[in-house]
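Residue numbers begin at 1 in each chain, while the letters A, B, ... track the order of the sequences. Every heavy atom of this structure was used, including side-chain atoms; hydrogens, water molecules and symmetry mates were not.
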2 protein chains.
Amino acid sequence: MYSKEILKGTLKPIILKLLQEQNRMYGYEITQRVKELTEGKINITEGALYPLLHKLEAEGVVTTDLENIGKRVRKYYKLTSDGSTIAQDLVEEFLDFMVTIKHVLDPNLKSGYGLSK
Amino acid sequence: MYSKEILKGTLKPIILKLLQEQNRMYGYEITQRVKELTEGKINITEGALYPLLHKLEAEGVVTTDLENIGKRVRKYYKLTSDGSTIAQDLVEEFLDFMVTIKHVLDPNLKSGYGLSK
DNA sequence: AACTATACATAAGAAAATTATGTATATTTG
DNA sequence: CAAATATACATAATTTTCTTATGTATAGTT
């Protein structure tokens, strides 16, 4: 696990990226998928996840539908068509940002392809 | 310029990395250096920078000394030896984190060296 | 039967940034 | 040479985003 402050600002791109790929996901599923993909290095907390999902719904980025699993209810989220554009843009911006910040934190790797300079 | 929320959590690693390289820098210099290195894509705001520098000083990560430039005063910051270790660790952690999050946002680039899989 | 996992939700508080404002000197430009 | 911009610090109010804690309830495992 990383120190807390390092995760800041990454939750939204992560969620939108996963929804882009999977089309339809519920909250708990998102937490598990991220844990899988990062080998346990990133654990999304519920207190961060659910409020953000609610906000994204309020903003029209995602829509929800409920599904009954036995006596429990799952809330599935999927991107709206607006949300799809927003997701694409934000993920792109984030990846671009990571290249940019590498120029500061790791200036030897100019292009990301090694010793090309 | 990136959307505001994307910069979150990156300021501290940036500052510590620069201090690691330059040994001694003042606040305004840091903002300009980051602008240079990122071709204007990252602009550190003063309201974020100065309070963080003050906090780092209070924590013993950096020390300061004042220098008179004409009638103006510059406040130079440098890493303490503790700060040096902290800087190293945080920058490493951040770079590791970026690799991890790429597994989520850009799963085709497993290793960062292209089509190695 | 007790513990862990699944599945949602919210509330209080902390942390980190934005935005706005303030002060003052130095340099450039029209 | 006056005005605008750049240099250089600082802080306060507010917002955003996350942590930590708590709550409820069903399902599966030991």
Determine whether A:Leu49 and A:Ile15 satisfy the following criterion, side chain to side chain contact (heavy atoms under 4.5 Å, CB included), listing intermediate values before the conclusion.
CA-CA 9 Å; A:Leu49 177 66; A:Ile15 290 173; 3.5 Å; yes
Measure [atom1]/[X] against [atom2]/[N] and give the value in whole Å, please.
X	N	atom1	atom2	answer
A:Leu49	D:dC18	CG	P	10 Å
B:Ile14	C:dA16	CD1	P	14 Å
B:Ile69	D:dA8	CD1	C1'	11 Å
B:Met25	D:dA8	CE	P	12 Å
B:Glu59	C:dA16	CD	C1'	13 Å
B:Arg74	D:dA10	CZ	C1'	17 Å
B:Lys71	C:dA26	NZ	C1'	11 Å
B:Tyr77	D:dC9	OH	P	7 Å

Looking at [X], does any N or O in its side chain come under 4.0 Å of the phosphate oxygens OP1/OP2 on [N]?
X	N	value
B:Lys12	C:dA15	no
B:Tyr50	D:dC9	yes
B:Lys55	C:dA16	yes
A:Tyr26	C:dA7	yes
B:Arg72	D:dT7	no
A:His54	C:dT10	yes

Name the nucleic acid region contacted by A:Gly27, choosing base, sugar-phosphate or nothing; use a 4.0 angstrom heavy-atom cut-off, strictly under.
sugar-phosphate
At 4.0 Å (heavy atoms only), tell me whether A:Glu46 reaches a base, stays on the sugar-phosphate, or touches nothing.
base
When you measure from the side chain of [X], which nucleotide among [options] comes out closest?
X	options	result
A:Tyr28	D:dT26, C:dC8, D:dT19	C:dC8
B:Gln32	C:dT10, C:dA9, D:dT7	D:dT7
A:Thr45	C:dC8, C:dA17, D:dT20	D:dT20

Any Lys/Arg nitrogen of [X] or [Y] sitting under 4.0 Å from an Asp/Glu carboxylate oxygen of the other?
X	Y	answer
B:Lys55	B:Glu59	yes
A:Lys78	A:Asp65	no
B:Glu21	B:Arg33	no

Assert: residue with more 5' nearest nucleotide on DNA chain D, out of B:Leu53 and A:Leu52, is B:Leu53
Pick one: which of A:Arg24, A:Arg74, A:Arg72, A:Lys75 meets side-chain hydrogen bond (donor to acceptor under 3.5 Å, both in side chains) with A:Glu67?
A:Arg24
